[in-house]
There are 2 protein chains.
Amino acid sequence: MPGIKDVARLADVSVSTVSYVLSGKRSISAKTTDRVMQAIEQLGYTPDASGQRLRGRRNHIIALSEPIRKDMNQAQYSAYFMQAAFQARKAGYDVLLLGAEDAVSDIQRVTRGNLVDGVVLLDVMENDSRAAAADTFAKPSVAIGYPHVHEACACIDIDFTALGEIASRKLYDLGHRRVALLRSLEVNYQRGVGYMLLFRDSFLKHCAKLGIKVIESEEVTINFNAERFVHEVVLGPEAPTAIVSQSNADILNIVFDTLGNLGVRVPQDLSIISCGTYMQGEMPRYPVSELPLDPEGLCCKIIDVLVDSIENKRDIRGLVELTEPQYIDRGSLGLAASAPRKGGDNKRM
Amino acid sequence: MPGIKDVARLADVSVSTVSYVLSGKRSISAKTTDRVMQAIEQLGYTPDASGQRLRGRRNHIIALSEPIRKDMNQAQYSAYFMQAAFQARKAGYDVLLLGAEDAVSDIQRVTRGNLVDGVVLLDVMENDSRAAAADTFAKPSVAIGYPHVHEACACIDIDFTALGEIASRKLYDLGHRRVALLRSLEVNYQRGVGYMLLFRDSFLKHCAKLGIKVIESEEVTINFNAERFVHEVVLGPEAPTAIVSQSNADILNIVFDTLGNLGVRVPQDLSIISCGTYMQGEMPRYPVSELPLDPEGLCCKIIDVLVDSIENKRDIRGLVELTEPQYIDRGSLGLAASAPRKGGDNKRM
DNA sequence: TTGTACGCGTTATCAG
DNA sequence: CTGATAACGCGTACAA
């Protein structure tokens, strides 16, 4: 393994000259530059990472903390860390994946040991031990999410309170006064996945204010029967004119299938809107209008903020940035149906 | 940030003594040890990672190379890298995620710069540029997969040739002589995803040998109509007694739904077996017997091999380990139906 | 049992 | 514009 000294010797210059040629932090004559570059190629020289970070105090590594859980929706979270990794690379940073049981001590270890320059917290819950312990990390940290305790880290997320309001407003303006809320997997609420709770609370509150009646689905577990949900709730006595879904593409597919079999047209007879979901990462078989999550946009912003903090030593503790939700119209949300539902008495099933 | 020198000064010993107290590679008197430990705690000292790897030549970091692709099945691959990360941590290694466009130069950079001790190649294709360039990596590498060119890296995977043979044998023993093959997403074959091709080729070959007639589905693209597949192929003139699926849970769900609506019972009227899939990571709504992928088992073995190579300087270039497929009975595979299919003329759809 | 010196690459500083 | 040197932090071979 050739070192910088070997290069210097071969090019007949000093080590500092080689270093300056590589970094460009000093102007070096073209002739010298040529000789050095030639020596580097000839020897196949690559600087050793440990030496590089000795001086600069920067590793160009960002830690990504993702607590390992059996029940995690892998499809969804992988979108976040692939995006975060991609954006980090664009900014010139490698990504260290942390997934140990004890996330807090893991982050302490890599930040205090100067192994990483900063930390991204993924899959953040309302009561997140990592966010709460962020003051014990020796490097800046950013959470995707909005935990209760966040004095020592930055928080970046979609504004899910606004999302609940926008959704209720949109339904109201289209004339909907009775809507069904299709819940997400129960385990998410129980675990305290912040955004799902935030959206639901905000949505229910604003619906109450606007006079929209919300009929909630029963708790969605792994054995949830989406067909029965359609028959009992959607076609039930309360006759909602829209479904607001927090659920995943699999369940939504069954809902669409069931409605199709019953001859219920979307959106003429019934509107559907999906909120706080990310259908691009799943496989919906029917287009559904959405107030979606935004892994790409968020990760882009998160890395921006973190890198800025690292490189310009900006203090980002306590920073909170909630971005405006963006509605995507895919044609499943329309005016509230007033006439009796076509095919409503179709007994095919 | 206190350094080892500060600790040494406070404990009134030399830096080497502090180092040996931490590593335990020399016997130090209890009195000295106490003083040193006290100083360490008092200062909150954590060794700096860059210094640590200066001498030891070991970073305790493993690189995970995952080429970023738009069309990748995120749910599936995330299972591999979460597992790899988990197993690596168990062995005391951190994981650096590599996902740049040019994977080869990325790996060269981190291996030649001594940033990582070894490399795991994920999502390996038959003609994989990374495996082919493994001789230019300065550290040992292991591929999950079985690329054509693999002289310079180790390859660990399930034996998909055996998997094809076992599947055909199993079907044959249960009396099946006509089976439908439900292909995976076409893009996987086109891209050269090794295991899918290996299984398919082996399965077709062994079926031919055993006299099993295989009716293949049309190419599966994003617009694939699984209902039509059931109507045209499964209930078509050739009347296969089993479906062998390489497809995902979403498509399989539709197949089950369609069969259910038609009154075709599984496995009494029709058997279904899924091969080279990983249903635990997806959301199948019906239990399906499977000759599955095994992210956990493979990642465990891969990290074992790689860590052994790193720590004992074992040369693993060219090593190939193909593990025996394990059949999981979930009740969807049974004796070939001989009587005319119940509900076969049901015209509900 | 303890101290000293070395190695890695970058960069501030001083000297040409 | 370029060269020489020291310092940064740690582990460990070697000397004492």
Side-chain angles (χ1 to χ4, degrees), chain A residues 1-37 39-40 43-61 92 109-117 138 311, chain B residues 1-37 39-40 43-61 109-117 138-139 311:
Chain A
M1 267 290 144
I4 197 170
K5 279 193 286 203
D6 303 295
V7 177
R9 206 178 312 130
L10 184 60
D12 198 32
V13 294
S14 73
V15 288
S16 56
T17 304
V18 176
S19 184
Y20 286 123
V21 165
L22 260 342
S23 70
K25 298 208 177 182
R26 249 200 205 177
S27 54
I28 304 281
S29 71
K31 219 191 298 178
T32 310
T33 302
D34 273 0
R35 271 217 318 285
V36 171
M37 291 309 286
I40 285 173
L43 295 172
Y45 166 72
T46 311
D48 185 282
S50 31
Q52 284 190 306
R53 71 183 55 128
L54 198 52
R55 196 60 201 225
R57 218 85 300 257
R58 202 146 301 152
N59 305 305
H60 284 275
I61 300 182
R109 179 177 58 85
V110 297
T111 54
R112 301 175 56 145
N114 281 318
L115 183 51
V116 302
D117 302 319
E311 300 189 346
Chain B
M1 264 293 140
I4 197 169
K5 277 193 287 202
D6 302 294
V7 177
R9 206 178 312 132
L10 185 61
D12 198 32
V13 295
S14 74
V15 289
S16 60
T17 305
V18 177
S19 183
Y20 286 123
V21 166
L22 260 343
S23 70
K25 298 209 175 179
R26 251 197 207 175
S27 55
I28 305 279
S29 71
K31 219 190 300 178
T32 311
T33 303
D34 273 359
R35 273 216 317 286
V36 169
M37 291 309 285
I40 286 173
L43 295 172
Y45 165 73
T46 310
D48 185 285
S50 32
Q52 284 190 306
R53 74 182 53 127
L54 199 54
R55 198 90 235 138
R57 223 84 297 257
R58 204 147 298 151
N59 305 304
H60 284 275
I61 301 181
R109 179 177 59 86
V110 297
T111 54
R112 301 174 56 145
N114 282 317
L115 183 52
V116 303
D117 302 319
K139 305 284 170 179
E311 300 190 346

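These figures come from a predicted structure and were not determined experimentally. In what follows, chains are A, B, ... by sequence order, proteins preceding strands, each numbered from 1.
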Please name all residues satisfying side chain to side chain contact (heavy atoms under 4.5 Å, CB included) with [X], sequence neighbours left out, ordered by chain then number.
X	value
S27(A)	none
R9(A)	K5(A), D6(A)
L22(A)	V18(A), I40(A), Y45(A)
T46(A)	R112(B)

Using atom [atom1] of [X] as one end and atom [atom2] of [N] as the other, report the distance to the nearest whole Å.
X	N	atom1	atom2	answer
R53(A)	dA7(D)	CZ	C1'	18 Å
K31(B)	dT2(C)	NZ	P	10 Å
Y45(B)	dC10(D)	OH	C1'	7 Å
I28(B)	dT1(C)	CD1	C1'	7 Å
D6(B)	dC8(D)	CG	P	11 Å
K25(A)	dT2(D)	NZ	P	18 Å
K5(B)	dA7(D)	NZ	P	9 Å
L22(B)	dT2(C)	CG	P	15 Å

Report the residues that fulfil side-chain hydrogen bond (donor to acceptor under 3.5 Å, both in side chains) with [X], sequence neighbours left out, ordered by chain and then residue number.
X	result
S16(B)	S14(B)
T111(B)	none
S19(A)	none

Taking only side-chain N and O atoms of S50(A), does any of them lie within less than 4.0 angstrom of OP1 or OP2 on dG9(C)?
no
Below 4.0 angstrom from OP1 or OP2 of dC1(D), is there any side-chain N or O of S27(A)?
yes
Under 4.0 Å from any atom of DNA chain D, heavy atoms only: list the residues of residues 7-17 of chain B that qualify, in numerical order.
S16(B)
Do I61(B) and L115(A) come within less than 4.5 Å of each other through their side chains, counting heavy atoms only?
yes
Could you tell me if the side chain of V13(B) sits less than 4.5 Å from the side chain of V21(B), heavy atoms only?
no
What are the atom names and distances for every N/O pair under 3.5 Å that joins the protein to nucleotides 14-16 of chain D?
| from | atom 1 | to | atom 2 | distance (Å) |
| --- | --- | --- | --- | --- |
| dC14(D) | N4 | R26(B) | NH2 | 2.4 |

